[in-house]
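Labels below follow one simple rule: chain letters A, B, ... track the order of the sequence lines, proteins then strands, and each chain is numbered from 1. Values reported hereafter were calculated over all heavy atoms of this structure, with side chains retained and with hydrogens, waters and symmetry mates removed.
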Number of protein chains: 2
Amino acid sequence: MTRTREAVLALLQRTRQPLSATEIFDRLHQEKVAIDLVTVYRTVHVLKELGLVLQLDLHQEGLSRYELKEGRKHHHHIRCQICGQIVDLLLCPLKKVTKLIEQQTQFIVDDHTLEFTGLCPQCQ
Amino acid sequence: MTRTREAVLALLQRTRQPLSATEIFDRLHQEKVAIDLVTVYRTVHVLKELGLVLQLDLHQEGLSRYELKEGRKHHHHIRCQICGQIVDLLLCPLKKVTKLIEQQTQFIVDDHTLEFTGLCPQCQ
DNA sequence: ACCTTATTGCAACTTTATTGCAAATACCAT
DNA sequence: ATGGTATTTGCAATAAAGTTGCAATAAGGT
């Protein structure tokens, strides 16, 4: 664990929203932390491998976002199509469905992604 | 409707799997249909606007895929992590959940994406 | 056939992400 | 602390997906 990685981790800890690589880069530079964009990519990759961070690929965003996994329960997201705000959904209705799918398709399911989009209260 | 657009549409009609822009380009060229990659992108965009085609952004693929919407019911997908095969799931367990989310978050939900990944019968 | 409008191809460009390599930093044993 | 090894970082170059501007071509109506 280097100071650069600590800085990325600390940023993710104090940020509610899942951040993209560019956002991590920009925010750290605002805080006078010198970090290369390549290092951001490599760092989130390492943190993901270590199981500390989750990678999110939200529909039609065309980029990856990263959020802290540490101590968080399995959850999903809803994104506002106007302002881009991302809110956590502390539910998952897919346990039974997963079993049904395994029966119907003969796949072994090992993951799923679920995301909602819509209009947040402010943008309605 | 031009012959180029007909060719893309016809390809999507006879293909089971959702295709990426590059795949559409490659397959049409194999069939001696001269089409520019840019035109593929513009065509699928138009077909999407017309409501004929659905855009899929599957998790961690890093590209968009397109499938025919025409006459198909709302559905989701499961993708094999080994061979990349994509199979349709003719179910959607999210109607009640959507209402719950609208109550909890005050968002107006207008869409969702749901995708499963795992191992297909052949790759297990 | 003619004229207008929409579509296509080419080239250049944008954005997100990855790779190679040399320099800098962290870690460990002494 | 000091030195040596392995890891990490920054820079430059590159890759891949997708977009934009513009001139040339094709489509459609009268």
Rounded to whole Å, the CG-C1' distance (A:Leu19 to C:dT16) equals 16 Å

Between CG of A:Leu37 and P of D:dC11 the distance, given in whole Å, is 12 Å

Separation of C:dA24 atom P from A:Arg3 atom CZ, nearest Å, is 15 Å

Below 4.0 Å: OP1/OP2 of D:dT19 and any side-chain N or O of B:Tyr41: no

From CD of A:Glu6 across to C1' of C:dC27 the rounded distance in Å is 15 Å

Between NE2 of B:His45 and C1' of C:dT7 the distance, given in whole Å, is 15 Å

_Distance-only polar pair, side chains of B:Glu115 and A:His59, donor-acceptor under 3.5 Å_ = no

For B:Ser20, answer base if it contacts any base atom (sugar-phosphate contacts may also be present), sugar-phosphate if it contacts only those atoms, and nothing otherwise; contact means non-hydrogen atoms under 4.0 Å.
nothing

Between A:Met1 and B:Leu63, the residue closer to the 5' end of DNA chain D by nearest nucleotide is A:Met1

In this structure, CD of A:Gln81 is separated from SG of A:Cys120 (nearest 0.5 Å) by 11.0 Å

*What is the nucleic acid contact for A:Ile35, judged by heavy atoms within less than 4.0 Å: base, sugar-phosphate only, or nothing?*
sugar-phosphate

Note: for A:Val40 and B:Tyr66 on DNA chain D, the residue whose nearest nucleotide lies more 5' is A:Val40

Of the candidates C:dA26, D:dT9, C:dT16, the side chain of A:Thr22 sits closest to C:dT16

- Donor + acceptor pair across side chains of B:His112, A:His76 (<3.5 Å): no

Of all heavy-atom pairs linking B:Gln124 and B:Leu119, the shortest is NE2-O, 3.2 Å

Practice item. Check whether any side-chain N or O of B:Arg42 sits under 4.0 Å from OP1 or OP2 of C:dT7, and answer yes or no. Key: no

### Query
Checking all strands, does B:Thr4 fall into the base, sugar-phosphate, or nothing category for heavy-atom contacts under 4.0 angstrom?
sugar-phosphate

| message | Is a donor from one side chain sitting under 3.5 angstrom from an acceptor on the other, for B:Asp111 and A:Thr117? | response | no

Picking from C:dT7, C:dA26, D:dG10, the nucleotide nearest the side-chain atoms of B:Thr2 would be C:dT7

To the nearest angstrom, the NZ-P distance between B:Lys48 and D:dG18 comes to 11 Å

Rounded to whole Å, CZ of A:Arg65 lies from P of C:dT16 at a distance of 10 Å

- Using a cut-off of strictly less than 4.0 Å, decide whether B:Ser64 has a side-chain nitrogen or oxygen near OP1 or OP2 of D:dG18. yes

Between CG of A:Leu56 and P of C:dA17 the distance, given in whole Å, is 12 Å

